[in-house]
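A, B, ... follow the sequence lines: proteins, then strands. Residue 1 opens every chain. Quick caveat, the model's predicted, so the values are computed rather than measured.
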Amino acid sequence: MSAFDRLAQPIRKWIRGRGWREMRDIQVRATEAILGSEADVIVAASTAGGKTESAFLPLLSDVIDRPSDAGGFDLLYIGPLKALITDQAERLTSICEWTDLPVTPWHGDVPQGVKGRAIKAPGGVLLITPESLEALFVRRGAEIARLFAETRAVVLDEMHTMLGSERGVQVQSLLTRIELARGHRLRRVGLSATLGDMDLARAWLHPDDPGAVLLLVAQGGGSELRLQVKGFVAGKEGAEATERRVAADLFTRLRGTSNLVFAGSRGNVETFADHLRQLCETQALPQEFFPHHASLSREHRSFLETRLKKGSLPTTAVCTSTLELGIDIGDVTCVAQVGAPFSVAALRQRMGRSGRRAGAPAILRQYAIESAVEAAATLPDRLRLGLVRAIAMIDLLLKDHFEPPATGALHLSTLVHQILSVIAERGGTSAARLHHVLCRAGPFRAVDAALFGEVLRALGRPETALIEQAADGLLLLGREGEKIVEHHSFYAVFQTPKEYRLFEGGHELGTLPVEQVLAPGMLLLFSGRRWRIMEVDDRDKVILLTPSLGGKAPVFGSAPGIIHDMVVARMFALLEGQDVPIYLDETAADLLAEARAAFRHMELDRRPIIERGPGAWTLATRAGTALTATLALALQARGFTVAAHDGFLEADSETRDIRSVLEEIRAAQGEPEVPAEATLAFEKFHPNLTRNLLLYDALSARLKFGEVPALCSGLLSSSEDMSSSNLQDYS
DNA sequence: GACCTGCTGCGGTTTG
């Protein structure tokens, strides 16, 4: 029987109505896998590859041909974005045209009435965010078993966003809790365009039996890739003039077509959008360049998304990662990247937005801006680390190597969240039951009973008061716990900063973080236009703006970027190599030659430690951000001031010698050494834990003291032969 | 030296 014939009659009718000549290969294979087995399935296909249909045509067929008598939702879909859920619900409603299966989108913008009706008569497909599912547990814990009693499968969309993230652990935990409530397993179907390590993806989907997960990868689809790296040197003209030259190049290359320009930060998005707007104005051309980032109003963002999707007018979005994944914005001619990205995985995701039409190439224009090098130039300037990283990223992209998600983290912040959620769901529970639900059946398997007890005691401290224990031993929400769980901000496992809202007239333009100093009279670039601040209301967190002629991009706040070991290793290979990639323009090639000359001149090709001056050293760690930062902490704990760059550390001390201190650190055998002033609280519920627990969490995720002794050995090795990795232990 | 994601229930008022 052909795959088409295995589908239910109403589904076949819908397919014929589409006028499809045949099903795609991935859809045929998914139909056979889903209808021919009970196994979990991963469907890996590009964004336009028909993943959603691959999963839902057979899943819906199964529901139609083998209807269940019990009530409850037949299929569950979890998606990371509200806009994606709205889109997918429309597509599924169309597919279900000839069936009587309801399709219910469920997120914060869905009206209460729709949700009320779905709870009263659950059935068909429920499409929901992780946060709204969390809210169901907290508010309607007793009804979970009824709602999902006979659910056939859960579809996990954009699965790559879940791997290694706090939100992914939350989803894993919620799925186990559904299974425990209804008493049997829930089949999982994962969808993604960009999964690096398939074994990790399998293990995430089915931790107890990764080998049983069927993996379906779409064939081909790899369109031709055209690349250029353009170098720019900021000379005496200053930074702004250089930005203008980059903007002028973008204007010439992109005008008249639709494109995405990834500018790296919200501040840069505003800066380049402003330059490009001015170029349109000067030449009396209609506006076709618009900014897009998370702080802009929903209204402005949807205007731009709709314009891109319609494709009738040339449109270039200057954007941050807001346009990296999610809803279908159609095909763009070219992806431009200003400055090096932070991961190959993100670059790959971005490239997926271009070259989607059959026969059209994917085009990447990489812009690298470097400073003019003078005698006092900094290490990153002399070694052209921005350009070198951009080339390393492209190199890895071409080889199809990208960063695997981090594994092995304890995720204690999300554990705290789930402890509160399970207690709220059941109105109270025992410590043993909690440990079973979350750490044995659930995703927190690295947390043993002793560590779990320490977490519970931290939450029960009088000053924390998240939980308390009744006389019979039952764990209940404490005074603060009640407050936190009651508020709607509880449902998300990630944290968001407080923000000002920006208005012009009664019209909201977007938001800015409250940390920065803003005062009336200041000039601002925002939402692609220029403003003067009229009024700052600190109580209501509102800022009133009026149009002006000047202005500069605001500071949106920052977090350190994390570069993987694999990228830094590639950067060193480039610095030590001779080859000049053919996709470099003349300036970029000159800059790479300068970087290589500087690398040799500093003798970094021969020695891992060089002395910049008395009490000032440069170390070539050749490691990514995590390990380099860990060594930096150990040096700081011993009185050094340090500055970290990709694969390098600059360490200064007036009293200590770097070699003897590295010997000491090596002798400490990976014992953590963290200066008292270093913060270890990064995640939403971290402030409720003890410093000791935060250290455990950091050691499991972002600090690598275990690798420090080997790193020290490599640095101390007197070998002149640097061809073998200095990360090996020579002792 | 960075980015992104999410949100319930209830009480009061208005409208047909």
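Checked for salt-bridge contact, Arg612(A) and Asp652(A) meet the test: a charged N lies under 4.0 Å from a carboxylate O. A salt bridge links Lys483(A) with Glu480(A): the closest approach of a Lys/Arg side-chain nitrogen to an acidic carboxylate oxygen falls below 4.0 angstrom. Under 4.0 Å is where a charged nitrogen must lie from a carboxylate oxygen, and between Arg167(A) and Glu131(A) at least one such pair does.
Here Thr129(A) reaches the OP1 or OP2 of dC7(B): one of its side-chain N or O atoms lies under 4.0 Å away. Between Arg266(A) and dC4(B) there is a side-chain N or O to OP1 or OP2 distance below 4.0 Å. Taking side-chain N and O atoms only, Ser132(A) has a distance below 4.0 Å to OP1 or OP2 of dC7(B). At dG9(B), none of the side-chain N or O atoms of Lys115(A) fall inside 4.0 Å of OP1 or OP2 (strictly under the cut-off).
Of the candidate nucleotides dC7(B), dC3(B), dG9(B), dG9(B) has the atom nearest to the side chain of Arg140(A).
Sequence order on DNA chain B of the closest nucleotides to Thr496(A) and Ser321(A) puts Ser321(A) first from the 5' end. In terms of position on DNA chain B, the residue among Asp646(A) and Ala83(A) whose nearest nucleotide sits closer to the 5' end is Asp646(A).
Here the two rings, on Phe262(A) and Phe272(A), have centers that are 6.0 Å apart or farther.
Among the protein residues, Thr320(A) comes within range of the sugar-phosphate backbone only, with heavy atoms under 4.0 Å from sugar or phosphate atoms but none that close to a base. Using a 4.0 Å heavy-atom cutoff across all strands shown, His645(A) reaches at least one base atom of the nucleic acid. Counting any heavy atom pair closer than 4.0 Å across all strands shown, Tyr491(A) reaches sugar-phosphate atoms only and no base atom. Residue contacts for Gly264(A): at a heavy-atom cut-off of 4.0 Å it reaches the sugar-phosphate backbone alone, with no base atom in range.
Side-chain N/O atoms of Gln88(A) and Thr52(A) include a donor and acceptor closer than 3.5 Å.
Lacking a ring centre under 5.5 Å from that of the base six-membered ring together with a plane angle below 30°, Phe342(A) does not count as stacked on dC3(B).
What separates NE2 of His487(A) from C1' of dC10(B) is a distance of 14 Å, to the nearest Å. Atom-to-atom, CZ of Phe490(A) to P of dT5(B) comes out at 22 Å; the value is rounded to the nearest Å. Taking atom CG on Asp157(A) and atom P on dT5(B), their separation rounds to 16 Å, with Å as the unit. Atom-to-atom, CZ of Arg139(A) to P of dG9(B) comes out at 6 Å; the value is rounded to the nearest Å. When rounded to the nearest whole Å, the span between NZ of Lys483(A) and P of dG9(B) equals 21 Å. In this entry the distance linking CD of Glu166(A) with C1' of dC4(B) reads 15 Å, nearest Å. Between Phe494(A) atom CZ and dG6(B) atom C1' there is a gap of 4 Å when expressed in whole angstrom units. Spacing between atom CZ of Arg298(A) and atom P of dG6(B) amounts to 7 Å, rounded to whole angstrom units.
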